[in-house]
Amino acid sequence: QVQLVESGGGLVQAGGSLTLSCAASGRTFSNYRMGWFRQAPGKKREFVAAISRGGVNTYYAGSVKGRSTISRDNAKNTVYLQMNSLKREDTAVYYCAADPRTLYTGQYDYWGQGTQVTVSS
């Protein structure tokens, strides 16, 4: 099992930038595919970005592609999500998640408690 703790959320003006961090503890971090998700008020949780175990492959939702970068530092057991050109619609609670599967299924077994990102106009 792996424990995940997000940080870095906050209030930012539209057009600004923010970097979220997710620190993992427990099992070997490099054994997990990592993802970022978000949930806005009244909406379902949605996929934001994912990164492979070694950090070579990354995947993005269309809504953030070109504005966000997911990265990981396996030596620090941490995954990051850098977000630029933030929009009001990026306002949400952001969660990181870990997937232990070798093959990608879209499922994640472990979740953090989330960090709030609020974008003001």
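The model shown is predicted, which means the values in this text are computed figures rather than measured ones.
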> Are the side chains of S68 and L81 in contact, using a 4.5 Å heavy-atom criterion?
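Contact flag for L81/S68 side chains = yes.
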> I need the full list of ring-ring contact (aromatic ring centres under 6.0 Å, His included) pairs touching residues 59-96, with sequence neighbours left out, sorted by first then second residue.
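Checked against ring-ring contact (aromatic ring centres under 6.0 Å, His included) - neighbours excluded - no pair reaches residues 59-96.
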> Answer yes if the ring centres of W111 and F37 are under 6.0 angstrom apart, and no otherwise.
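Yes, they do, as the ring centres are separated by less than 6.0 Å.
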> Closest heavy-atom contact between N74 and R53?
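Shortest heavy-atom separation between N74 and R53 comes out as ND2-O, 3.1 Å.
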> Would you compute the distance between atom OG1 of T69 and atom CG of N84 and round it to the nearest 0.5 angstrom?
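Taking OG1 in T69 and CG in N84, the distance rounds to 6.5 Å.
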> Can you list the residues that meet the side-chain hydrogen bond (donor to acceptor under 3.5 Å, both in side chains) rule with S63, with sequence neighbours excluded?
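With neighbours one apart ignored, the set is R38.
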> Where the side chain of T91 meets the backbone of V119, is there a donor-acceptor pair that is under 3.5 Å apart?
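Yes, the answer is positive, given that a donor and an acceptor are paired below the 3.5 Å cut-off.
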> Any link between V64 and V12 through a network of hydrophobic side chains (Ile, Leu, Val, Met, Phe, Trp, Tyr) touching at under 4.5 Å?
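Yes.
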> Inspect the surroundings of CD in E89 and state if more than 12 heavy atoms from other residues, nucleotides or ligands are less than 6.0 Å away.
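Yes, CD of E89 has more than 12 neighbouring heavy atoms, counting only those of other groups under 6.0 Å.
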> Do I51 and N57 make a side-chain contact, defined as non-hydrogen atoms from C-beta onward lying under 4.5 Å apart?
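No, their side chains stay 4.5 Å or more apart.
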> Do you know which two heavy atoms are closest between M34 and C22, and how far apart they sit?
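Minimum heavy-atom contact is CE-SG, 4.4 Å.
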> Please assess S52 against T58 for the test side chain to side chain contact (heavy atoms under 4.5 Å, CB included), listing each intermediate value before the final yes or no.
CA-CA 6 Å; S52 60; T58 57; over 6 Å; no
> On a heavy-atom basis, which atom in A24 and which in V2 lie closest, and how many Å separate them?
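So the two residues come closest at CB-CG2, 3.8 Å.
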> So, for L20 and G9, which heavy atoms are closest and what is the spacing to 0.1 Å?
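Looks like CD2-N, 3.6 Å.
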> When you look at L18 and V117, which way does the side chain to side chain contact (heavy atoms under 4.5 Å, CB included) test go after all the steps?
CA-CA 9 Å; L18 207 60; V117 172; 3.8 Å; yes
> Closest approach of D90 and R67, non-hydrogen atoms and distance?
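Smallest interatomic distance, heavy atoms only, reads OD2-NH1, 2.8 Å.
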> Answer yes or no: is there a side-chain heavy-atom contact under 4.5 Å between D109 and R101?
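Yes, at least one pair of side-chain atoms sits under 4.5 Å.
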> Would you say that S71 contacts V79 through its side chain, given a criterion of any heavy-atom pair below 4.5 Å between the two side chains?
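The answer is no; the side chains never approach within 4.5 Å.
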> Counting N and O atoms only, with roles assigned by atom type, does the side chain of R88 sit under 3.5 Å from a partner on the main chain of Q13, one being a donor and the other an acceptor?
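A pair under 3.5 Å: no.
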> Which atom pair, heavy atoms only, marks the closest approach of S17 to S85?
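It is OG-N, 4.4 Å.
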> Taking T28 for its side chain and S30 for its backbone only, find out whether a donor-acceptor pair lies under 3.5 Å.
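A pair under 3.5 Å: no.
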> Atom SG of C96 and atom CD of Q113: how far apart are they, to the nearest 0.5 Å?
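Reported value, rounded in 0.5 Å steps: 10.5 Å.
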> Any side-chain to backbone donor/acceptor pair from D99 onto T105? Under 3.5 Å, distance only.
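No: the side chain of D99 does not pair with the backbone of T105.
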> Distance-only, no hydrogens or angles: does the R33 side chain make a donor-acceptor pair with backbone N or O of T102 under 3.5 Å?
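Side chain of R33 to backbone of T102, a donor-acceptor pair under 3.5 Å: yes, one is there.
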> For residues Y108 and Y32, determine if any side-chain heavy atom of one lies less than 4.5 Å from a side-chain heavy atom of the other.
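Not in contact.
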> Assess the side chains of D73 and T78: does a donor N or O sit below 3.5 Å from an acceptor N or O?
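T78 and D73 do not have a side-chain donor-acceptor pair below 3.5 Å.
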> Under 3.5 Å, is there a donor-acceptor pair between the side chain of E6 and the main chain of G114?
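Side chain of E6 to backbone of G114, a donor-acceptor pair under 3.5 Å: yes, one is there.
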> With rounding to the nearest 0.5 angstrom, report the CD1 to CD distance, I70 to Q82.
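Interatomic distance, I70 CD1 to Q82 CD, rounded to 0.5 Å: 12.0 Å.
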